[in-house]
There are 2 protein chains.
Amino acid sequence: MSQSTDGVSPIPALETCFPSSHKALVSVQHGDHELNVPKRRIHLTSDDAPLDVYDTTGPQGYDVQEGLPTPRTAWVSSRMDDGGNVTQMHYARQGIVTEEMRFVAEREGCDVELVRSELAAGRAILPANVKHTELEPMIIGRAFLVKVNANIGNSAVGSTIQEEVEKLQWATRWGADTVMDLSTGADIHATREHIIRNSAVPIGTVPLYQCLEKVDGRIEDLNIDLFLETLEEQCEQGVDYFTLHAGTLLRYVPMTANRLTGIVSRGGSIMAKWCLIHHEENFLYTHFDKLCELMKRYDVSFSLGDGLRPGCIADANDEAQFAELETLGELCEIAWKHDVQTMVEGPGHVPMHKIKENIDLQSEICKGAPFYTLGPLVTDIAPGYDHITSGIGAAMIGWWGTAMLCYVTPKEHLGLPNKEDVKEGVITYKIAAHAADLAKGHPGAQVWDDTLSKARFEFRWEDQFNLSLDPVTALSYHDATLPAEGAKVAHFCSMCGPHFCSMKITEDVRAYAAQQGLSEEAALGEGMAAKGSEFREGSQEIYQSADSTPNAEEPQPAT
Amino acid sequence: MSQSTDGVSPIPALETCFPSSHKALVSVQHGDHELNVPKRRIHLTSDDAPLDVYDTTGPQGYDVQEGLPTPRTAWVSSRMDDGGNVTQMHYARQGIVTEEMRFVAEREGCDVELVRSELAAGRAILPANVKHTELEPMIIGRAFLVKVNANIGNSAVGSTIQEEVEKLQWATRWGADTVMDLSTGADIHATREHIIRNSAVPIGTVPLYQCLEKVDGRIEDLNIDLFLETLEEQCEQGVDYFTLHAGTLLRYVPMTANRLTGIVSRGGSIMAKWCLIHHEENFLYTHFDKLCELMKRYDVSFSLGDGLRPGCIADANDEAQFAELETLGELCEIAWKHDVQTMVEGPGHVPMHKIKENIDLQSEICKGAPFYTLGPLVTDIAPGYDHITSGIGAAMIGWWGTAMLCYVTPKEHLGLPNKEDVKEGVITYKIAAHAADLAKGHPGAQVWDDTLSKARFEFRWEDQFNLSLDPVTALSYHDATLPAEGAKVAHFCSMCGPHFCSMKITEDVRAYAAQQGLSEEAALGEGMAAKGSEFREGSQEIYQSADSTPNAEEPQPAT
């Protein structure tokens, strides 16, 4: 969805949004040179080590007209591929570990061989057009951290190039891993150019939109030559992945006749209409090899669009949707013959009990190709809150294996998101993605939760705020009730009142354990349980001396 | 959690929040008299029938000092039970269908026998203190619509009785099915009295809070006599359910020693501390029969608190939590011997992959007693957004069988919710509850989604707004981009621009089908598919004449 032009202003400095954090560049050796991998390092007030978290914010403080530094220029040129097949999949299949793979392994905290092997198998993609030299490489696959995409793009009413770049910076500030430029208006080429030159994250597009502009909206005038010309233009600019609706076939269109909301995809409806006008098969399907030939020379990845996805709960998991999915599976195999990286798009609107069927079928039919889903929204009844209706489905499908989640903002179905909507959408989806990482048992995911909960338990309020996804909002909510600076160091909060503190009991239990000469480890578990009766004997003086401080921890009312 | 006093002002009229809705009283015959069951009737601009939805708003426009009408006075007195066992479970087990059961069956749209049999089996509760004669009866059980609880209560800083009643009205305005009064400050008795007299929904409390006030916070001075005296006081006022921490046993306390955040329940920590001070077993456990004897004379339901629930992801599903659950199962059986209605409270903080184990274990150990959960929060890293982190878990556990969800507001862990926070929390939880109803396949749940999606597909903007959970917000989001009144009737929206409309294709497919003399039914399916080639022949003139209007339906970018 493109964005409204309201509320766009130069974004604040990194430190303003993330107090006590700084961007740390971790140096990684690759052959004879070093790669600098960015992390956000959150410093704590305790003796605990600072926490490094994944960072998508990109290099800061560069002039929009100049664009970002281009570290990949050297990496790409060193491979001297002379216009041959330059895809990461192609290298991976030859057993070659690229700078991009090394960079990604450090970001993910995994072995680089996992990165290479997943790319070689087609179970992950590393979207990285050789012309997008400003890129900080990232990976999309079920074996890795769940990613989030945010959409920008100038709207019909128009917005300046400066504003579009600021939308990009704002979305990545809050954690967007990729950004799609869905511009449809004027200056579409120049806008995209500035977005790519200022983006450290992969940029995706729906080239059909620009093709349609070129034929003044006359769908019947679309053809493969116009399409290839447009693709090449965008390949040269450095677009990292294309959403293409090559699976929306003529014979599937009648399957949508009995739907409540028909075809709800823009790209899908255009291709369906083209097919019917010409009574010919979708030209993206019949010329799919030509698309692969072009894209492998730049390493642009496919994002195979699901033009027939359901637009409401009633249409979920129907014949049309799954018929198209079969074709998308067929196209994955063709793309892989060319070593072109490929992911597959998914719904949409799906009730909870039908979500798993989507990811399981996609994984089987598309042979493990990464799934990239929109939501899904688990109910239709809450326009104005569809970041939440979709965030629920997104967390679940992420847990079950979806590799990237396309965000939805509160304005979905109603209007164009402003900056606050974009932030709300990205943060909601970071929650969904992280919850999925936890449920998948992704190594290292839970340390963030544990670090924050330890700060909460120890009443380190500042640390609790700074460790949250949105520190400034957390602080402001706290201060709304207890503005006093003292309240941020006291063992006190506004929730439970000054009567008692559940925390104190645990402290006393531990103090008792120590008193008994038990090691903390022994105390924590068997040792402690075994000491049960002794503990009860000894407890009196411990607990009568316990003075009471309040408990900040508790959701109510199940207290 | 109690609420802050800011932002509380007289709430607007029902019609202001729900345009084109009116409260319809559906008359139901019960023996020789009629019961009036409220529904919210949403009127549409199309020829479609209005949609009736569940209504929790209660009678409007009554003076807070006077309180609401008392329809149940006649029902209760007609049973002339003279202080014996007056619980709905007691009647259900004798095969008696009460007015309350009949009322509930109409609200749920089910057979009254399902209501009676589920109550008799202990798989559902109908919280209805005979002294709460203002009540509009509702039911909590996995066979019925998933319910939502909201918390109010005056805080230490204090708020007026008028403000507390307005919080009650505000929470039920947006759909709260029950409300817990967690007041801890002054005027605790008078505040509760006014809340109950003005509440059409069941009111729950944590009596321990008032007991602790009576002993000036000296936990060691708590005892069963003080407790029973306080319970009787609240029974007389008409409290419908009590949260009691009778399962937090002395021997379980050491099991919390190795936790990251120890004991995070206020009630649980108080009872644990009492046990340790006296080195005696929890007096609510040892005197549980006395509690039953009292509560069955009023029909107050148990909400068995989980005092040892986890307060963070790291502590989820541990030994302490499940040990207490075993005891709660034991207490359910004792309560049922007295025909006292009982539900069981649950966590808390639980990652997605550990949620199902909670509901499955509870259902098995507590023999199907209704589960009442707080969230659960699926990650700890987003203070400021815990309505979302918990709404994800709430939707899932609701789908899997939880009967009632306790809401969480954006201020959770940080401060006291204001009116906007309460609304945000309730609406987030109505989304979770409805999504669960859809996933459970609850009869009648999907008609709401289908009615809204049909309005969306037909560009009936006003209907789309009025059918949403929060019509005014939906309208304001739309108008933020397209304020013109015309935009609300035009086949146009701000999302896709004036190029084309996916909807048109479906219309044309159907027009063609009609043209061929196929019935809609035949067209929609085999007939249509069989006509494939003929359809393609005929399609040209259909589609060339098709003028383009935009598609409002689509989440982006997977278009």
Side-chain angles (χ1 to χ4, degrees), chain A residues 1 151 156 180 217 254 257-258 261-267 269 276-277 279 311-313 345 351-353 374 378-380 382-384 392 395 399 414-416 431 435 438-439 449 453 457 468-469 473-474 477-478 481 494 497 499 502 506 509 524 528 536 539 543 553 555-559, chain B residues 1 151 156 180 217 254 257-258 261-267 269 276-277 279 311-313 345 351-353 374 378-380 382-384 392 395 399 414-416 435 438-439 449 453 457 468-469 473-474 477-478 481 494 497 499 502 506 509 524 528 536 539 543 553-559:
Chain A
M1 180 194 294
N151 305 319
M180 290 195 78
N258 55 351
T261 58
I263 300 176
V264 297
S265 153
R266 279 197 280 178
S269 66
L276 292 165
I277 290 170
H279 26 110
C312 64
I313 292 297
E345 296 181 2
M352 285 190 286
H353 63 299
L374 184 74
V378 295
T379 174
D380 303 338
I392 292 168
W399 167 27
L414 297 170
L416 304 177
I431 288 169
L438 285 176
D449 300 75
S453 291
F457 188 64
S468 68
L469 286 177
T473 295
Y477 283 1
H478 174 273
T481 318
S494 55
H499 258 342
S502 63
T506 307
V509 167
L524 310 184
M528 199 65 226
R536 285 191 289 278
S539 64
Y543 287 94
E553 303 319 308
Q556 302 301 334
T559 51
Chain B
M1 180 193 294
N151 304 319
M180 292 196 77
N258 56 349
T261 59
I263 299 176
V264 297
S265 152
R266 279 198 280 178
S269 67
L276 292 165
I277 291 170
H279 25 111
C312 63
I313 292 296
E345 296 182 2
M352 285 189 285
H353 64 299
L374 183 75
V378 297
T379 174
D380 304 338
I392 292 167
W399 166 28
L414 298 170
L416 304 177
L438 285 176
D449 300 75
S453 291
F457 188 64
S468 69
L469 286 178
T473 295
Y477 283 1
H478 174 273
T481 318
S494 56
H499 258 343
S502 63
T506 308
V509 167
L524 310 184
M528 199 67 225
R536 286 192 290 280
S539 64
Y543 287 93
E553 303 319 307
E554 212 22 53
Q556 302 301 333
T559 49

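Throughout, a chain's letter reflects where its sequence line sits, starting with A, and its residues are numbered from 1. Below, each value reflects all heavy atoms present in this structure, side chains not excepted, and no hydrogens, waters or symmetry copies.
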Considering all heavy atoms of both residues, which atom of [X] and which atom of [Y] are nearest to each other, and what is their separation?
| X | Y | result |
| --- | --- | --- |
| B:His353 | A:Ala439 | ND1-CA, 3.3 Å |
| A:Ser453 | B:Thr261 | O-CG2, 3.7 Å |
| A:Ala382 | B:Leu469 | CB-CD1, 4.1 Å |

Checklist entry - Looking at A:Asp449, A:Thr379, A:Ile431, A:Thr473, which one has more heavy-atom pairs under 4.5 Å with chain B than the rest? => result A:Asp449
Item to check | Top contributor to chain B interface from A:Ala474, A:Pro351, A:Cys312 [non-hydrogen pairs under 4.5 Å] | outcome: A:Ala474
Item to check | Separation of A:Leu414 CG from B:Tyr477 OH (nearest 0.5 Å) | outcome: 9.0 Å
Checklist entry - Would a 4.5 Å heavy-atom cut-off, applied to side chains only, mark B:Leu438 and A:Val378 as touching? => result no
